[in-house]
Amino acid sequence: MAILPARLRKRLLVVAAATTWAMLSAAAPVTRLDVQVDNLRSSKGMIRICLTADPDNFPACVDDAKALTRTLPASVHATSFSGLPQRGYALAIIHDENSNAKLDTIAGIPREGYGFSRNAAVRFGPPRFDAARFMLAGDAEMQQVKMRYIF
């Protein structure tokens with residue numbers, strides 16, 4: 001095995017370092033999302049949060065393999081999602097007061113609390129993805145979601 005001359009070794013080291021730096025800087029920037037849930041009427045049950053970038057699976061998130069979910073005790077009103085690619089997302093949140101892992105309804109009308117990112121308006125059903133969509137850019141973003149109750 002031949003030993004490389006010092007000048008060639010130095011050049012190869014510079015090329016390797018430049019290549020590594022280029023690969024690392026080309027990676028998609030990531031950020032953190034902090035979520036604050038306000039206006040809970042009780043500390044009973046769980047808060048169920050779904051974060052998605054897929055308009056076709058909003059707000060249910062059931063068929064979205066890339067959706068991120070969190071389940072928190074209702075006494076905890078905040079959580080964070082770290083390492084998210086910078087892009088558009090939407091949040092759907094329910095206050096599952098009886099902890100049965102679903103939003104209870106009567107004739108399609110929610111009996112438990114619900115909320116959406118950007119506090120998107122609700123008219124005859126959940127808002128569209130575009131109404132709840134927000135862009136993640138920079139180091140960190142905060143979404144403050146106000147829970148709503150009908151009954």
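Note that the coordinates shown come from a computational prediction; the quantities given were computed from them, not determined experimentally. Counting begins at 1 with the first residue of the sequence.
Judged purely by atom type and a 3.5 angstrom limit, S117 uses its side chain to pair as donor or acceptor with the backbone of L91. Using a distance-only test at 3.5 Å, with no hydrogens or angles considered, no donor-acceptor pair links the side chain of D34 to the main chain of S80. Panel note: side chain D96, backbone A101; a donor-acceptor pair is recorded below 3.5 Å. Remark: side-chain polar atoms of T69 are not paired, donor with acceptor, to backbone N or O of C50 under 3.5 angstrom. Looking only at distances, no side-chain donor or acceptor of H77 sits under 3.5 Å from a matching main-chain atom of L40. Formation of a donor-acceptor pair under 3.5 Å by the R148 side chain with backbone atoms of N119 is found in this model.
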Hey, mind stepping through M142 and Q36 against side chain to side chain contact (heavy atoms under 4.5 Å, CB included) and telling me if it holds? CA-CA 8 Å; M142 165 69 106; Q36 175 71 37; 4.1 Å; yes

Evaluation steps, side chain to side chain contact (heavy atoms under 4.5 Å, CB included), between R118 and Q143: CA-CA 7 Å; R118 297 184 56 210; Q143 280 291 311; 4.1 Å; yes

Begin from the C-alpha positions of Y149 and E112 and carry the test side chain to side chain contact (heavy atoms under 4.5 Å, CB included) through to its verdict. CA-CA 6 Å; Y149 298 85; E112 296 176 303; 5.7 Å; no

Would E97 and R111 count as a salt bridge (charged side-chain N to carboxylate O under 4.0 Å, His left out) if you check the C-alpha gap in whole Å, the side-chain angles of each, and the deciding distance to 0.1 Å? CA-CA 10 Å; E97 289 181 282; R111 294 191 53 141; over 6 Å; no

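Counting only residues at least two apart or on different chains, no salt bridge (Lys or Arg N to Asp or Glu O under 4.0 Å) pair has a member in residues 56-69. Screening residues 118-143 for ring-ring contact (aromatic ring centres under 6.0 Å, His included) gives F58-F129 as the qualifying pairs, with residues at least two apart or on separate chains.
Tested against L51, the residues I93, L84, T79 include a single side-chain contact (heavy atoms from CB on, under 4.5 Å) partner, L84. With Y89 as the fixed residue, the side-chain contact (heavy atoms from CB on, under 4.5 Å) test singles out one of L68, T52, L136: L136.
Nearest heavy atoms, G88 versus R133: CA-NE, 3.7 Å. Of all the heavy atoms in A53 and P55, the pair that sits closest is O-CD, 3.4 Å. Contact record, A131 with A120: O-CB, 3.6 Å, taken as the closest heavy-atom pair. For P59 against A92, the heavy-atom pair with the smallest separation is O-CB, 3.6 Å. Shown here for A132 and F116, the closest heavy-atom pair between the two residues is CB-CB, 4.3 Å.
If you check the side chains of D38 and Q144, you find a donor sitting under 3.5 Å from an acceptor.
With contacts defined as side-chain heavy-atom distances shorter than 4.5 Å, the pair S42/H95 qualifies.
Hydrophobic clustering (side-chain heavy atoms under 4.5 Å, transitive across Ile, Leu, Val, Met, Phe, Trp, Tyr) groups Y114 together with I109. Both V145 and I49 belong to a single network of hydrophobic side chains, linked directly or stepwise wherever heavy atoms of I, L, V, M, F, W or Y lie under 4.5 Å apart. If you chain together hydrophobic residues whose side chains sit under 4.5 Å apart, I106 and I150 never meet in one group. When hydrophobic clusters are built by joining Ile, Leu, Val, Met, Phe, Trp and Tyr residues whose side-chain heavy atoms come closer than 4.5 Å, directly or via intermediates, L72 is not grouped with M46. Under the 4.5 Å side-chain contact rule for hydrophobic residues, M147 and L103 do not share a cluster.
The structure places CE of M135 at 8.5 Å from CD of Q86, a figure rounded to the nearest 0.5 Å.
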